[in-house]
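Residue numbers begin at 1 in each chain, while the letters A, B, ... track the order of the sequences. Just so it is clear, the structure is predicted and the values come from calculations on it, not from any experiment.
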Amino acid sequence: MSAWFNPARELDALIRRVATSVPALGADFDPQVRPATDTRHGDFQCNGVLAAAKIAKLNPRALATELLAALETEGTLKKAGFESDVAGPGFINFRLTPAALAEWIHEYRDADAWRRGASALYAGRNVVIDYPSPNTAKQMHVGHLRPIVIGEAVARLLEFCGAKLTRDNHIGDWGTNFGILILAIKRKGFILDASSPQALEDLEALYKEGSALTKADPAELDAARAELAKLQLGDTANTALWQQIVAVSNAAFQRIYDQFGLKSDVTLGESFYRDKVDQVYRELTECGLAEESDGALVVWHDDIPRFSRDAETKLPFIVRKKDGSSNYASTDLATILYRVEHMKAEEIVYVTDGRQQDHFQQLFITATKWFKATNRKLPRLRHVWFGTILGEDGKAIKTKSGDPVRLQSLIDEATAKAYEKVSEKNPELPEDERRTVIAPRIGVAALRYTDLGSNRTMDYRFSWEKMLSFEGNTAPYLLYQAVRVRSVFRNAGLKVGQGEEGASAPETPGEIALARKLLGFSAALEEACADLRPHALCTYLYDLAGAYSSFYADNKVLVDEPAVKARRLALCARTSALLESGLRLLGIEPLERM
RNA sequence: GAGGGGGUAGCUCAGCCGGAUAGAGCAUCGGUUUUCUAAACCGACGGUCGCGGGUUCGAGUCCCGCCCCCCUCGCCA
């Protein structure tokens, strides 16, 4: 074990250490080590000398030369396989020798090795991730795509980097809509059957009707409230109905989760916390954080102008409604406490729509003060938020009738298009494989990748054309590249990873470029983890696939010279493993052929 | 009004812990296959990085002002 998993990080540490022996630099010198912006400059560059020279009023080139001399004397640089020089106004460029590239490729050969390299980021940390957390009694629609897809990718990233992860599906199963729904069910004498695929759709229709009635007739609204009150007081009939509604919802959700390969460790919905909110009210009141306002129990944050009681537009954190019932603020607070006490959470990650930013900001501030006042240890709280999926017109996506687009219909359409495309491109593959394996996987992968491919904080325009186009930075392109690599091994009669003995160091431009790209994985992973942005990984995988394609076009793998063939097979094997591991991190299951 | 996001090629978007000549895909035009999956590769075309100031050796990236678009703002989650 000698090659650095993440050379940029190690280089940075090394330069900092050596800089202490250079008088003009010292201990607080920031080397600003970055991947080289242009490969002609090498693999990594140190930009920090320019700024330091300015402060010390020295010639930057001379200072860079001095620092580099100290680095070279120290010896590590050469051992790690770097060549280096001073360039331009005072940059220091570092280039890994082909032998060093070969060593990394030899050493970091599979997901286990990468996981070990990456484990420093989250080693052993207890993390609870809250997703996709849908509301019950409604079918999953396009709005549920992002929490599923982003949540799963973030979860896998964290797990890959060593976190001890609990996936907690915090379903919304205790909302005020249950009064309306229960009333409507009773009126119609409707019988619920959780095993029926139709059941949730029926519930939704009932709710729509009931909702319209309550809007039209105040007496109806009172009746609905009465049903809700009965439920909350533990009425047997209403509780049974509520349980059935939740069961119907969960069964329908599960059918969607299965198609996305989603598994929760626990599903503790809001209802689970209904007997735990009193403690929240009591403690918040006792430590002087919460107070009555217009009959509700609210928390003001006078230290934050926007959330202060003096703000122009009042935005209190309402923890108990004026009718005495809880809301998501109260249950979210109770949930934090539960996760800390019973799941030993050191970090909680919420994956939700960006429109909830105010809520989470207030939640986090309130929790911070509450935990401080009660001498509890606060976990790190992170809101991983995302933008909205827009229709082709740039407005919230809807069907022609104005209803939300069902998630299942998105999956079906994507799958159908994928089937068409595969059948056109590769008709000799067995029909059954195309239909049951390849098409569904490409379809779901396309949905996922479209969602993950751009920065999550951006809104994006949903376009069938773009989503199902199999060119450019898309899932089918990446899947295709992964399949092409596998095909090389199939033709050679080898398993991926075999035939590397006696490999020489990369030599041709295509080989070198690919090898460098492979090394870039560690940095991409770190970047994706830092802000929990899966799209950094997407960008990397796309680059890697491109580097492979160029390599593949100019470097025939199955050649006669054993050393050349072995080194190219090694490059192929690593590309294959990295593409496939990377896709899995995004939640995308790679294919054998397509 | 306050807060958040966005404004980069005709379109969709990367790049934004300041770094050397601003990148992809699509579209348009052209080239590459008796060769490991051409769903590919290579090339050409295409830019006042919203506008104006400032900081800096260096600004798409940081700061200030302004303009435009989207979202949120008292009891839904």
For the side chain of [X], counting heavy atoms from C-beta on, which of [options] is nearest?
X: A/Trp300; options: B/rA39, B/rU21, B/rG74; value: B/rG74
X: A/Phe470; options: B/rC36, B/rG3, B/rA39; value: B/rA39
X: A/Leu558; options: B/rC36, B/rU12, B/rA40; value: B/rC36
X: A/Trp385; options: B/rG74, B/rG4, B/rA39; value: B/rG4
X: A/Arg355; options: B/rG74, B/rU72, B/rG5; value: B/rU72
X: A/Ser293; options: B/rC73, B/rC36, B/rG74; value: B/rG74
X: A/Asn455; options: B/rC36, B/rC75, B/rA14; value: B/rA14
X: A/Ala296; options: B/rC75, B/rC42, B/rU35; value: B/rC75
X: A/His41; options: B/rG1, B/rA20, B/rA39; value: B/rA20
X: A/Ala553; options: B/rC41, B/rG6, B/rA39; value: B/rC41

Open item on the list: One pair to check against ring-ring contact (aromatic ring centres under 6.0 Å, His included): A/Phe470 and A/Tyr480. What are the steps and the verdict?
Closed with: CA-CA 9 Å; A/Phe470 292 5; A/Tyr480 174 70; over 10 Å; no
TODO: Verify the neighbour count for atom CZ of A/Arg225: are there more than 12 heavy atoms of other residues, nucleotides or ligands below 6.0 Å?
DONE: no
Using the ring centroid of each side chain, check whether [X] and [Y] are separated by less than 6.0 Å.
X: A/Tyr548; Y: A/Phe551; result: yes
X: A/Tyr328; Y: A/His359; result: yes
X: A/Tyr350; Y: A/Phe360; result: yes

- [ ] Decide, yes or no, whether a salt bridge links A/Glu433 with A/Arg593 under the criterion of side-chain N to carboxylate O below 4.0 Å.
- [x] yes
- [ ] Determine, for A/Arg309 against A/Asp302, whether the closest basic-nitrogen to carboxylate-oxygen distance falls under 4.0 angstrom.
- [x] yes
Quick one: [X] [atom1] to [N] [atom2], roughly how many Å, whole number?
X: A/Gln362; N: B/rC75; atom1: CD; atom2: C1'; result: 12 Å
X: A/Gln361; N: B/rG3; atom1: CD; atom2: P; result: 11 Å
X: A/Tyr328; N: B/rC75; atom1: OH; atom2: C1'; result: 10 Å
X: A/Leu50; N: B/rG18; atom1: CG; atom2: C1'; result: 11 Å
X: A/Arg486; N: B/rA40; atom1: CZ; atom2: C1'; result: 19 Å
X: A/Arg34; N: B/rA20; atom1: CZ; atom2: P; result: 12 Å
X: A/Ile92; N: B/rA20; atom1: CD1; atom2: P; result: 17 Å

Task: Candidate pair A/Gln362 and A/Leu315, rule side chain to side chain contact (heavy atoms under 4.5 Å, CB included), full reasoning - done: CA-CA 10 Å; A/Gln362 292 181 97; A/Leu315 192 52; 4.3 Å; yes
Open item on the list: Under 3.5 Å, is there any donor-acceptor pair linking the side chain of A/Asp543 to the base of B/rA14?
Closed with: no
- [ ] Using only heavy-atom distances, decide whether a donor-acceptor pair under 3.5 angstrom links the side-chain of A/Thr313 to the base of B/rG1.
- [x] yes
TODO: Could you check A/Pro476 against A/Asp38 and say which one's nearest nucleotide on RNA chain B is further toward the 5' end?
DONE: A/Asp38
Open item on the list: For Watson-Crick and G-U wobble pairs within 3.5 Å on both distances, what is RNA chain B written in dot-bracket notation, | included for inter-strand pairing?
Closed with: ((((((((.[[[[.)...(...]]]].(((((.......))))).....[[[[[..)....]]]]])))))))....
